[in-house]
Amino acid sequence: MQVYNTMARKKEELVPLTPGVIRMYVCGPTVYNFFHIGNARPFVVFDTLRRYLEYRGYKVIFAQNFTDIDDKLINRANSEGTTVPEVAERYIKEYYADADALSIERATVNPRATEHVGEIIALVETLIERGHAYAADNGDVYFSVRSFPGYGKLSGQSVDDLESGARIDPTEHKRDPLDFAVWKGAKRGEPYWESPWGKGRPGWHIECSAMSMNILGETFDIHAGGQDLVFPHHENEIAQSEAATGKPFARYWMHNGYININNEKMSKSLGNFLLVRDIAKEFDLEAVRLFLLSAHYRNPVNFSRELVEQAQTALGRIKTARERLDDAMGKPVGAPTPEDAAFLAAVPEFRARFEGAMDDDLNTADALGVFFDFARAVNAFVSEPRGKEALEAADRLMKDVCEVLGLLQHASGEEFPKEALALLEERKAVRAAKNWARADEIREQLKAMGFSVEDGKDGAKLKRI
RNA sequence: GGCACCAUAGCCAAGCGGUAAGGCAGAGGUCUGCAAAACCUUCAUCCCCGGUUCGAUUCCGGGUGGUGCCUCCA
């Protein structure tokens with residue numbers, strides 16, 4: 001599989017450190033609120049990468065952190081008159097609720113910064129010992145950017161260019177404006193941990209270094225996140241980690257593009273961010289997932305209600321193909337036909353095309369194109385009774401593709417209300433009697449109840465609209 | 001100023017040297033009591049100008065028009 005490595009600025013063959021095992025780390029949410037659609041993109045994209053790697057037979061050790069201590073949590077706790085752990089606990093729970101609705105699989109590990117403070121302190125101590133960090137007199141500890149020669153290698157910035165644009169916050173005690181905090185001395189009323197530099201808490205960047213290296217090792221395979229994390233977050237992670245260990249940190253850096261809202265950048269400062277929780281009130285989040293996968297992950301995408309509606313309709317196509325295949329499997333015909341043989345021969349071709357797309361830097365847009373081609377072939381194929389073998393081959397590919405893309409993963413065993421079923425029965429009777437007026441009336445009634453009726457060869461089917 | 005990115009049909013979006021995937025919307029048709037769903041058919045020479053090449057949407061140069069990072073942010 002080829003993967004675009006931000007560090008190399010090109011696609012590279014993904015070769016894991018340990019054959020058969022992929023160790024990957026994705027920067028997770030700061031849990032001070034529900035997460036927004038912009039957060040959702042990396043979660044969905046790299047969940048899909050993880051699913052595909054597992055489909056390919058890798059054992060994937062997937063770590064995604066929760067940042068559960070920082071200014072935003074402290075502010076939230078203060079404004080609510082509650083505590084930081086209470087805020088964190090609440091939004092971690094809500095993270096899982098939204099993630100589940102987006103069919104994002106649970107990570108192998110979800111480390112929390114507050115559970116790794118000991119390791120963070122140890123890492124800071126190492127940096128100080130090695131001359132890469134220094135304690136300021138206010139209890140802060142800063143990383144000395146100019147002590148690490150490779151600084152800027154991920155983002156392609158030179159230290160001198162950065163220097164000219166840097167600002168110095170007068171409340172900080174840096175020796176160099178480029179330096180950044182790896183440990184923050186506690187201010188009055190803030191949560192703190194005891195450390196060799198007094199009471200304080202971890203800086204943001206150091207958390208990810210400490211957690212990723214502790215869980216995945218000093219060198220691991222993939223580190224991923226949103227494009228906006230390239231600088232400074234990931235640049236700083238590299239500096240801290242490699243300065244401390246003297247070894248390469250992550251081997252492949254993957255970054256997803258932005259989401260715009262109605263053609264406008266979504267950002268905290270603009271205040272136009274859209275919570276996944278709110279989108280879920282109007283749309284099936286699986287449609288949102290499909291929408292997110294319908295463009296290549298490195299390209300920017302624009303989010304609008306119209307586009308999600310399109311995705312929702314497209315998702316319906318896939319659902320229909322799945323249902324039609326299920327129906328056909330319920331009553332296979334005995335002897336294989338030439339059509340069966342032809343279809344059976346075509347299935348591996350679809351699979352190969354799908355894998356080819358995914359192998360090419362996770363080209364989910366292309367892969368979806370293959371999937372829709374396949375769905376059409378399935379729909380055409382099952383318009384007549386077919387042999388078991390061909391149907392099962394279709395079923396396996398359909399399941400594999402859905403599993404990799406994380407579509408149609410929600411349990412569908414929904415029950416229709418009794419009244420609806422009774423109306424459907426009545427309609428069957430009046431249709432037999434060719435009472436079309438009453439039949440149409442019932443169809444309207446069902447529509448008002450939220451169901452559509454589709455008359456097929458084997459009777460009518462109810463569908464939730 | 002430094003570092004990157006993008007420009008493909010009404011909308012969204014792949015492709016990136018050999019003559020334009022897929023989805024949504026639209027048109028015609030098959031099926032249907034009528035619909036719906038499904039299927040079939042149909043719907044683009046790829047921002048502009050140069051260059052390289054037998055051949056360019058695809059490579060190079062120059063424009064034009066957008067965007068991002070360099071500051072908390074996925």
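A, B, ... follow the sequence lines: proteins, then strands. Residue 1 opens every chain.
- Separating the CG atom of A:Leu290 from the P atom of B:G23 is a distance of 12 Å, rounded to the nearest angstrom.
- Rounded to the nearest Å, the gap between the C1' atom of B:G61 and that of B:U53 is 16 Å.
- Between B:C69, B:C11, B:A13, one nucleotide has an atom nearer to the side chain of A:Leu307 than all others, and that is B:C11.
- In this view, A:Glu286 satisfies the salt bridge (Lys or Arg N to Asp or Glu O under 4.0 Å) rule with no residue, not counting sequence neighbours.
- For A:Gln310, taking side-chain heavy atoms from C-beta onward, the closest of the listed nucleotides B:G33, B:C72, B:C24 is B:C24.
- In terms of polar N and O atoms assigned as donor or acceptor, the side chain of A:Gln227 never comes within less than 3.5 Å of the base of B:G68 in a complementary pairing.
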Is there any protein nitrogen or oxygen under 3.5 Å from a nitrogen or oxygen in nucleotides 3-5 of chain B, and what are the pairs?
| from | atom 1 | to | atom 2 | distance (Å) |
| --- | --- | --- | --- | --- |
| B:C3 | O2' | A:Ser155 | O | 3.4 |

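- A donor-acceptor contact under 3.5 angstrom links the side chains of A:Thr48 and A:Arg289, judged on distance only.
- Under 3.5 Å, the side chain of A:Asp366 and the base of B:G22 form no donor-acceptor pair of N or O atoms.
- Nucleotides B:G65 and B:G26 place their C1' atoms 29 Å apart, quoted to the nearest Å.
- When each of B:A14, B:G15, B:G33 is scored by its nearest atom to the side-chain atoms of A:His296, the top-ranked nucleotide is B:A14.
- The CZ atom of A:Phe350 sits 11 Å away from the P atom of B:G22 (whole-angstrom rounding).
- Straight-line distance from the CZ atom of A:Phe34 to the C1' atom of B:A74: 18 Å, rounded to whole Å.
- The ring-ring contact (aromatic ring centres under 6.0 Å, His included) test with A:Tyr96 is passed by exactly one of A:Tyr91, A:Phe34, A:Phe66: A:Phe66.
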Could you go over nucleotides 37-41 of chain B and give all protein N or O partners under 3.5 Å, atom names and distances?
| from | atom 1 | to | atom 2 | distance (Å) |
| --- | --- | --- | --- | --- |
| B:A37 | O4' | A:Glu454 | OE2 | 3.4 |
| B:A38 | O4' | A:Arg324 | NH1 | 3.4 |
| B:A38 | O3' | A:Asn379 | ND2 | 3.2 |
| B:A38 | O2' | A:Arg324 | NH2 | 3.1 |
| B:C39 | OP1 | A:Asn379 | ND2 | 3.3 |

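- Across B:G15, B:C12, B:G33, the shortest atom-to-atom separation from the side chain of A:Asn363 is found for B:G15.
- With B:A74, B:C11, B:C34 as the candidates, the nucleotide lying closest to the side chain of A:Ile259 is B:A74.
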